[in-house]
Amino acid sequence: MLLLPTSPMRQSLFRWMPFSSFSTVNVKGGPYNFVDGHKTDSMDSNGFTNVLNPATSKRLAKIAVSGVSDVDMAVKSSKKAYDSWSMLSGFERGKLVSQLGHKILKNLEALAHLEVENNGKPIWEARLDIQSCADCFLYFGGIASTISGKHIQLPNSSFGLVKRESLGVVGGIGAWNYPLQTCSWKVAPALACGNTMVYKPSELTPLTALALAELATEAGIPRGVFNIVQGSGETGKHLCCHPDVAKISFTGSVQTGKNILKLAADDLKRVTLELGGKNPLIIYDDCDLTNAVKGALLANFLSQGQVCSNGSRVFVQRSIVDRFTDEFVKATTQLAIGDPLDNKTQVGATVSKTHAEKVLAYIKQGVGEAPVQLCGGERVHMPKPFQNGYFISPCILTNCHDEMTAVREEIFGPVATILPFDTEEEVIHRANQTPYGLSAGIFTNDLRKAHRTSNRLQSGTIWVNNFNVTPVELPFGGFKQSGIGVECSTEAIQCYTQLKSTYIEMNDIDCPLYNTQ
Ligand code: NDP
């Protein structure tokens with residue numbers, strides 16, 4: 001998921017918007033669970049996790065890994081709240097969901113700062129992320145009153161009612177790369193549809209979701225409608241196995257998604273799975289080269305490359321591969337790496353030491369498989385207070401081939417691989433040679449070629465002449481092993497509701513089995 005909520009022109013405006021500095025966000029001191037309208041301590045924690053600022057490695061918080069009783073208490077609270085929340089009209093719920101969107105806007109600067117401290121991404125990106133969260137609550141708040149069913153006329157005045165009903169308590173589990181956005185993309189539609197939610201953030205980035213729960217209470221959302229349990233994968237498992245949870249909405253890696261699907265299968269819980277990808281970006285030789293370079297930057301180096309929809313397999317038509325590569329390398333080496341809270345910074349810190357080491361290992365292995373490392377791919381040592389942060393310079397590998405590990409596997413870091421191609425037929429075939437299908441990009445000035453290519457790419461989202469733009473109005477979800485279900489758009493409503501058919505008989509029953517007369 002990501003990412004940019006709107007078109008680049010509006011994004012650059014956002015960069016200079018004077019956001020309000022007023023804030024009610026204050027979550028760093030704990031407690032870190034949020035149940036029944038209050039921050040609460042864990043009752044049966046299985047140890048603790050140190051939450052670090054990735055740019056400095058300084059500790060921001062020490063959170064308990066919630067156990068079975070914590071999850072159970074949160075689910076009980078959400079189950080109780082469901083009785084009255086689901087009975088409100090869509091309009092009544094929508095007003096409260098929209099109110100939360102306004103609260104987010106009011107606290108945008110504070111939430112963006114908190115996200116940067118906890119995730120390491122540059123502040124301008126965090127502001128866009130938080131803006132997209134507000135968009136999501138305003139969008140689903142706005143459409144809550146339009147969620148409706150059908151009346152179907154049947155013979156002799158009998159009729160059917162098809163009601164669209166909420167599911168119950170939804171369990172949400174999120175990743176660390178877009179912490180508040182991942183959470184908002186689940187909470188907003190789930191609540192608008194009349195469900196309640198227990199959400200478990202990633203243990204690396206637990207803070208902004210907690211702030212969201214506080215703002216939800218301020219916005220007037222009744223207690224228990226949105227609860228938070230902090231913890232590790234084990235805590236997530238408890239949520240997946242809880243018998244009173246009707247659905248799991250998950251964002252994370254493909255492997256964890258498969259594990260969750262198995263857990264959910266035990267009692268046939270519904271699932272939405274937003275998983276990883278290894279996405280193609282196709283650059284035809286008739287494109288606008290500057291836009292293609294900009295697109296390649298957006299496709300690879302937002303959020304330190306930690307973006308599920310990134311287009312890291314950069315297919316470039318052979319006649320322009322040298323020109324494109326020169327321009328792409330030039331733009332990449334000019335990216336400003338540094339203090340994520342500095343407005344001038346374009347590349348911040350990788351989320352953790354473990355993840356940075358994994359990314360660097362992929363680059364080392366990739367170079368061992370023949371490519372030429374044109375730029376980046378090194379740990380950047382920063383002056384105090386960032387000397388213990390994990391900053392990686394954006395990396396471009398060329399001379400790549402489709403079988404390389406770095407081309408086949410999701411690195412989830414700032415690593416672009418350049419893959420030359422000759423024909424349209426060839427590139428479409430190669431682009432689809434992956435078990436994943438989250439997103440793809442096409443740069444061309446030939447509209448017919450763009451549509452032909454888009455029609456044949458096996459991906460849930462295709463960007464033509466842009467990349468990583470995700471307006472809330474469009475569905476976002478994966479094909480193949482990149483997921484099940486979608487987030488955003490009116491289509492998300494299907495994922496958080498179920499249909500109930502009621503047949504209304506208006507006449508005496510004509511029953512061939514009734515023999516008494
Ligand atoms: P993980 O799959 O490791 O973790 C995701 C969440 O699941 C975390 O909250 C984690 O807890 C929890 N978890 C781990 N194991 C289990 C389990 N067995 N049962 C229940 N919950 C569990 O992913 P990452 O956090 O590392 O995120 C990166 C991945 O997410 C990438 O593959 C990326 O592509 C994908 N992603 C997909 C998006 C999309 O919209 N398609 C958007 C963003 C990311 P904890 O972290 O506390 O251990």
Side-chain angles (χ1 to χ4, degrees), residues 1-3 32 46-51 63-66 71 118-119 121 129 132 171-186 198-206 209 228-242 245 248-264 266 269 271-279 302-312 350-352 354-355 358-359 409-413 434-439 459-461 468 470 474-488 492:
M1 182 193 53
L2 133 197
L3 329 178
Y32 299 105
N46 300 316
F48 290 87
T49 303
N50 284 321
V51 178
I63 59 157
V65 176
S66 301
V71 171
N118 199 176
N119 170 278
K121 66 175 67 192
D129 291 2
S132 82
I173 300 175
W176 45 259
N177 58 336
Y178 285 86
L180 192 60
Q181 194 188 63
T182 304
C183 179
S184 300
W185 280 19
K186 300 182 186 313
V198 177
Y199 186 78
K200 189 204 86 69
S202 164
E203 62 190 325
L204 296 180
T205 53
I228 301 270
V229 283
Q230 305 285 1
S232 65
E234 278 303 303
T235 313
K237 271 193 206 167
H238 300 323
L239 194 53
C240 294
C241 296
H242 198 292
V245 171
I248 295 293
S249 180
F250 169 77
T251 297
S253 62
V254 173
Q255 188 50 54
T256 309
K258 289 178 184 175
N259 294 341
I260 284 179
L261 193 55
K262 286 180 197 150
L263 293 175
D266 270 351
K269 287 184 174 62
V271 291
T272 294
L273 301 176
E274 292 289 348
L275 310 178
K278 188 69 190 177
N279 311 297
L302 288 169
S303 286
Q304 296 71 247
Q306 302 161 142
V307 183
C308 53
S309 52
N310 264 3
S312 55
T350 300
V351 77
S352 69
T354 313
H355 189 62
K358 186 175 146 199
V359 171
E409 294 183 10
E410 183 186 45
I411 299 178
F412 221 52
T434 165
Y436 312 113
L438 190 57
S439 70
S459 305
T461 292
N468 271 341
T470 53
L474 294 187
F476 186 85
F479 283 15
K480 301 196 280 188
Q481 291 191 30
S482 288
I484 295 175
V486 296
E487 299 198 302
C488 297

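In listed order, ligands and their atoms are each counted from 1. Note that this is a predicted model, so its numbers are computed, not measured.
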Fill in the blank from the handout: Under 4.0 Å from one or more heavy atoms of Leu275, ligand 1 contributes atoms 37 (C), 38 (C), 39 (C), 41 (N)

Practice task
Could you tell me whether Ile260 approaches ligand 1 through its side chain, its backbone, both or neither, with non-hydrogen atoms closer than 4.0 Å?
Solution key: side chain

Exercise for the section: Can you figure out which of Asn310, Thr256, Thr49, Leu438 has its heavy atom closest to atom 15 (N) of ligand 1? Expected result: Thr256

Problem - Those atoms of ligand 1 less than 4.0 Å from some heavy atom in Gly276 - result: 32 (O), 34 (O)

Fill in the blank from the handout: Quick look: Gln306 vs ligand 1, heavy-atom contacts under 4.0 Å, and the answer is neither

Handout entry: Proximity to ligand 1 by part of Asn177, non-hydrogen separation under 4.0 Å
Key = side chain

Handout entry: Pick from Lys358, His238, Lys237: the one approaching atom 19 (N) of ligand 1 most closely through a non-hydrogen atom
Key = Lys237

Handout entry: Minimum side-chain heavy-atom gap Val245-Val198 below 4.5 Å
Key = no

Problem - From Thr434 atom OG1 to Glu409 atom CD, the distance as rounded to the nearest 0.5 Å - result: 10.5 Å

Practice task
Please identify which atoms of ligand 1 are closer than 4.0 Å to at least one heavy atom of Phe476.
Solution key: 40 (O)

Problem - Validation row: Asp129, Pro179 side chains within 4.5 angstrom (heavy atoms) - result: no

Practice task
Give a yes/no on ligand 1: does Gly483 have at least one heavy atom closer than 4.0 angstrom to it?
Solution key: no

Exercise for the section: Under 4.0 Å, heavy atoms only, figure out whether ligand 1 is touched by the backbone of Tyr178, its side chain, both or neither. Expected result: neither

Practice task
Would you tell me which option among Glu410, Glu203, Glu274 has the nearest heavy-atom contact to atom 31 (C) of ligand 1?
Solution key: Glu410

Practice task
Using distance alone, determine whether Asn259 and ligand 1 share an N or O pair under 3.5 Å.
Solution key: no

Practice task
Go through ligand 1 atom by atom and flag the ones less than 4.0 Å from a non-hydrogen atom of Phe250.
Solution key: 2 (O), 5 (C), 6 (C), 7 (O)

Practice task
Report yes if the side chains of Gln306 and Lys121 come closer than 4.5 Å at any heavy-atom pair, otherwise no.
Solution key: no

Exercise for the section: Would you tell me which option among Ala175, Gly236, Gly174 has the nearest heavy-atom contact to atom 6 (C) of ligand 1? Expected result: Gly174

Exercise for the section: Assess the pair Trp185 and Tyr178: is the distance between their ring centroids shorter than 6.0 Å? Expected result: no

Practice task
Answer side chain, backbone, both or neither: which part of Ile173 comes under 4.0 Å from ligand 1, heavy atoms only.
Solution key: side chain

